[in-house]
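Step one of this worksheet: look at the structure below.
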2 protein chains.
Amino acid sequence: MSYQLELRHLRYFQAVAEDLHFRKAAERLFISQPGLSKQIKELEQHMDVQLFERHNRKVELTPAGAYLKTELAHYFNGLNQIIEHSQLLDRGLVGNLKLSYVGSAMQQIIPDLLLAFRKQHPKILFSLKEMDNQTQVDGLLSQETDLAFVRLENLPRGLKSHPVLREAFCLVLPKNHPIDSHSFKELGQFKNESFILFDQQYSPSYYHKVMQLFEDNGFAPKVSHNTIHSNTIYKLVENHFGVSIVPKSLQLKSQKGVKFIPLDNLPHRTVLSAVWDPNNRNPALENILQLLRI
Amino acid sequence: MSYQLELRHLRYFQAVAEDLHFRKAAERLFISQPGLSKQIKELEQHMDVQLFERHNRKVELTPAGAYLKTELAHYFNGLNQIIEHSQLLDRGLVGNLKLSYVGSAMQQIIPDLLLAFRKQHPKILFSLKEMDNQTQVDGLLSQETDLAFVRLENLPRGLKSHPVLREAFCLVLPKNHPIDSHSFKELGQFKNESFILFDQQYSPSYYHKVMQLFEDNGFAPKVSHNTIHSNTIYKLVENHFGVSIVPKSLQLKSQKGVKFIPLDNLPHRTVLSAVWDPNNRNPALENILQLLRI
DNA sequence: CAAATCAATAGCTATGAGTTATCAATTAGA
DNA sequence: TCTAATTGATAACTCATAGCTATTGATTTG
């Protein structure tokens with residue numbers, strides 16, 4: 001009956017191959033010489049290869065033994081690397097993190113977060129995808145995404161979330177619009193304007209929040225256009241297709257044809273949340289969450 | 001106290017990673033489920049990495065476990081290749097054969113031998129070096145050479161030899177020399193010519209054999225030039241520096257300026273021998289010797 | 001020729017791989 | 001709402017074998 005090959009055999013072989021001396025090698029391995037002899041014999045029988053030439057008072061490697069010796073050095077090295085890499089993966093120090101986000105999060109939050117995270121864990125790779133809120137939630141549940149940035153009030157059961165940014169809105173007007181931050185008093189001044197808003201489908205929760213804002217200010221807006229990109233909104237506003245309301249984080253310092261009026265005084269806020277599946281065991285997720293929870 | 005990592009652990013892990021089911025994997029490995037669980041746990045402790053997520057009724061790989069699974073496939077494959085290659089080396093089916101030879105052996109013997117051997121063992125590489133007889137013997141004893149082709153009567157103790165070619169001599173004359181194979185009767189006809197011979201140092205044994213030939217024919221030759229290359233001999237003969245005697249195997253079919261007269265009737269023969277050290281354990285040597293001994 | 005040095009062998013010991021029996025937790029079916 | 005079935009983990013045992021001691025045999029050395 002043939003024995004199973006074990007790493008023990010290879011470790012012992014390596015020691016004898018280095019020392020070319022059973023007694024010394026055995027001492028170094030903290031086992032007895034006969035035990036070592038037996039294990040080497042077993043290795044030779046298992047491989048069906050003669051590894052050593054035992055002469056009267058000296059031991060030599062056969063060509064096959066010499067070959068095995070050089071290969072094993074690489075081999076053990078390879079095994080150690082596999083183990084070390086597994087440990088890094090286990091601790092989330094290397095790996096892959098799949099992120100998704102609503103377009104507006106890319107303006108401020110995501111870039112800062114990624115920069116900070118990369119500094120801490122430079123070996124973790126990201127994949128980034130912009131998608132609407134519902135698609136993001138589906139991605140989380142199917143484990144296609146690890147972490148999503150959404151504007152959603154109520155999440156599906158089982159997902160966890162953490163508010164990342166709680167922000168007021170601001171008006172977007174053409175640069176030459178008669179109303180500016182001094183003459184602005186209340187939203188009712190715009191009851192006869194057309195509004196360009198983010199698509200309802202893209203983020204129902206956000207859309208609902210904006211509508212609430214209008215309702216609390218006593219009118220229902222005329223919505224002339226829908227889009228999912230803030231740049232499109234700015235272009236349309238600049239060309240007098242209407243005015244708009246967006247989260248403050250989308251306010252740009254130097255946008256050519258438009259101006260912004262912050263609505264800080266109104267109580268309404270939109271919340272950008274980081275959302276994840278607590279069952280997702282990607283260790284890199286734990287690490288990026290730690291960064292967010294501070 | 002930490003256990004040693006053994007191939008057993010990795011084999012068991014692989015089975016569980018494939019089945020994602022401890023009981024099934026245990027069955028496949030012909031061990032009990034608790035034993036398998038214990039070994040996997042030991043592996044996880046040793047690596048300090050969680051490899052599986054044990055849920056209530058299903059087992060899943062962690063990212064680190066998934067990584068380990070893919071790496072191990074390559075890993076075991078690599079180990080098998082090392083073992084297989086060791087076996088080939090052990091049987092002399094791959095490897096390296098260091099040959100040395102006296103220049104005259106390259107004319108006929110070595111090429112034929114190498115062609116036949118390469119046909120049988122295409123994966124064995126040769127290294128070939130021309131050197132004088134004494135250097136060849138030294139190379140054999142220091143294991144720098146595996147097999148030597150020499151012209152030597154008595155070998156150092158311990159080396160073994162096998163005659164490869166036993167050949168007569170032949171005269172080398174300028175093409176327009178008055179004597180040809182018809183008018184040639186006996187060597188005495190050349191007692192007043194100068195002779196160009198192989199260097200004594202290069203092969204004392206051969207030199208001695210040639211001198212014997214002259215002595216048996218009743219004269220001591222005038223030796224005008226020594227060289228170690230047959231081509232140099234032919235050039236000198238062609239240009240009337242003298243005549244020569246060489247082993248028959250150096251006779252060329254179509255040498256421009258010289259003609260050959262075989263001395264088959266004389267009893268003198270020179271022997272080309274293959275020589276090796278029986279203590280040399282290069283398995284490829286055994287295989288090429290088998291070819292020679294036929 | 002005695003003493004020292006080497007690896008192999010024989011026979012014993014005890015560690016730990018693998019066993020059986022059981023538990024705890026959950027799911028599926030009646 | 002039970003029961004039966006299915007899962008992996010745990011506990012306690014047992015037996016195979018890794019490793020031990022003592023010895024041999026072969027050789028070198030002083």
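Keep in mind that the numbers below use all heavy atoms, side chains included, and drop hydrogens, waters and symmetry copies. In what follows, chains are A, B, ... by sequence order, proteins preceding strands, each numbered from 1.
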**Message:** Taking B:Lys38 first and then B:Glu44, would you say they form a salt bridge - that is, a charged N and a carboxylate O separated by under 4.0 Å?
**Reply:** no
**Request:** Mark up nucleotides 14-30 of chain D, 5' to 3', with B wherever a protein heavy atom is under 4.0 angstrom from a base atom, S wherever such an atom reaches only the sugar-phosphate, and - elsewhere.
**Result:** ----BBBBB----BS--
**Prompt:** Can you tell me how far C1' of C:dA8 sits from NE2 of A:His21, to the nearest Å?
**Reply:** 15 Å
**Request:** May I have the step-by-step check of side chain to side chain donor-acceptor pair (under 3.5 Å) for A:Thr135 and A:Asp132, ending in yes or no?
**Result:** CA-CA 6 Å; A:Thr135 313; A:Asp132 68 61; 3.0 Å; yes
**Asked** So, are A:Glu18 and A:Arg28 salt-bridged, with charged N and O less than 4.0 Å apart?
**Response** yes
**Message:** Taking only side-chain N and O atoms of B:Lys41, does any of them lie within less than 4.0 angstrom of OP1 or OP2 on D:dT10?
**Reply:** yes
**Item:** Whole-Å distance separating the CD atom of A:Glu53 from the P atom of C:dA8
**Value:** 12 Å
**Asked** Can you tell me how far P of D:dT6 sits from NZ of B:Lys24, to the nearest Å?
**Response** 11 Å
**Option passing side-chain hydrogen bond (donor to acceptor under 3.5 Å, both in side chains) with A:Ser37 (candidates A:Gln33, A:Lys41, A:Gln39)** = A:Gln33
**Fill in**
Between CD of B:Glu44 and C1' of D:dG8 the distance, given in whole Å, is 12 Å
**Message:** I need the CG-P distance between A:Leu29 and C:dA7, as an integer number of Å.
**Reply:** 13 Å
**Complete:** Taken to the nearest whole Å, CG/B:Leu5 to C1'/C:dA17 is 15 Å
**Request:** Under the ring-ring contact (aromatic ring centres under 6.0 Å, His included) rule, what do A:Tyr75 and B:Tyr75 come out as? Steps first, then yes or no, please.
**Result:** CA-CA 8 Å; A:Tyr75 190 71; B:Tyr75 190 71; 4.1 Å; yes
**Asked** How long is the line joining CZ of A:Phe22 and P of C:dT9, in whole Å?
**Response** 11 Å
**Request:** Count the heavy atoms of every other residue, nucleotide or ligand shown that sit under 6.0 Å from CD of A:Gln120, and state whether that count exceeds 12.
**Result:** yes
**Asked** How would you label the contact of B:His55 with the nucleic acid (heavy atoms, under 4.0 Å): base, sugar-phosphate, or nothing?
**Response** nothing
**Any A:Asn133 side-chain heavy atom under 4.5 Å of A:Val137 side chain** = no
**Message:** Check the phosphate of D:dG8 against B:Ser37, side-chain N and O only, distance under 4.0 Å to OP1 or OP2. Yes or no?
**Reply:** no
**Asked** What is the distance, rounded to the nearest whole Å, between atom CZ of B:Arg54 and atom P of D:dT7?
**Response** 16 Å
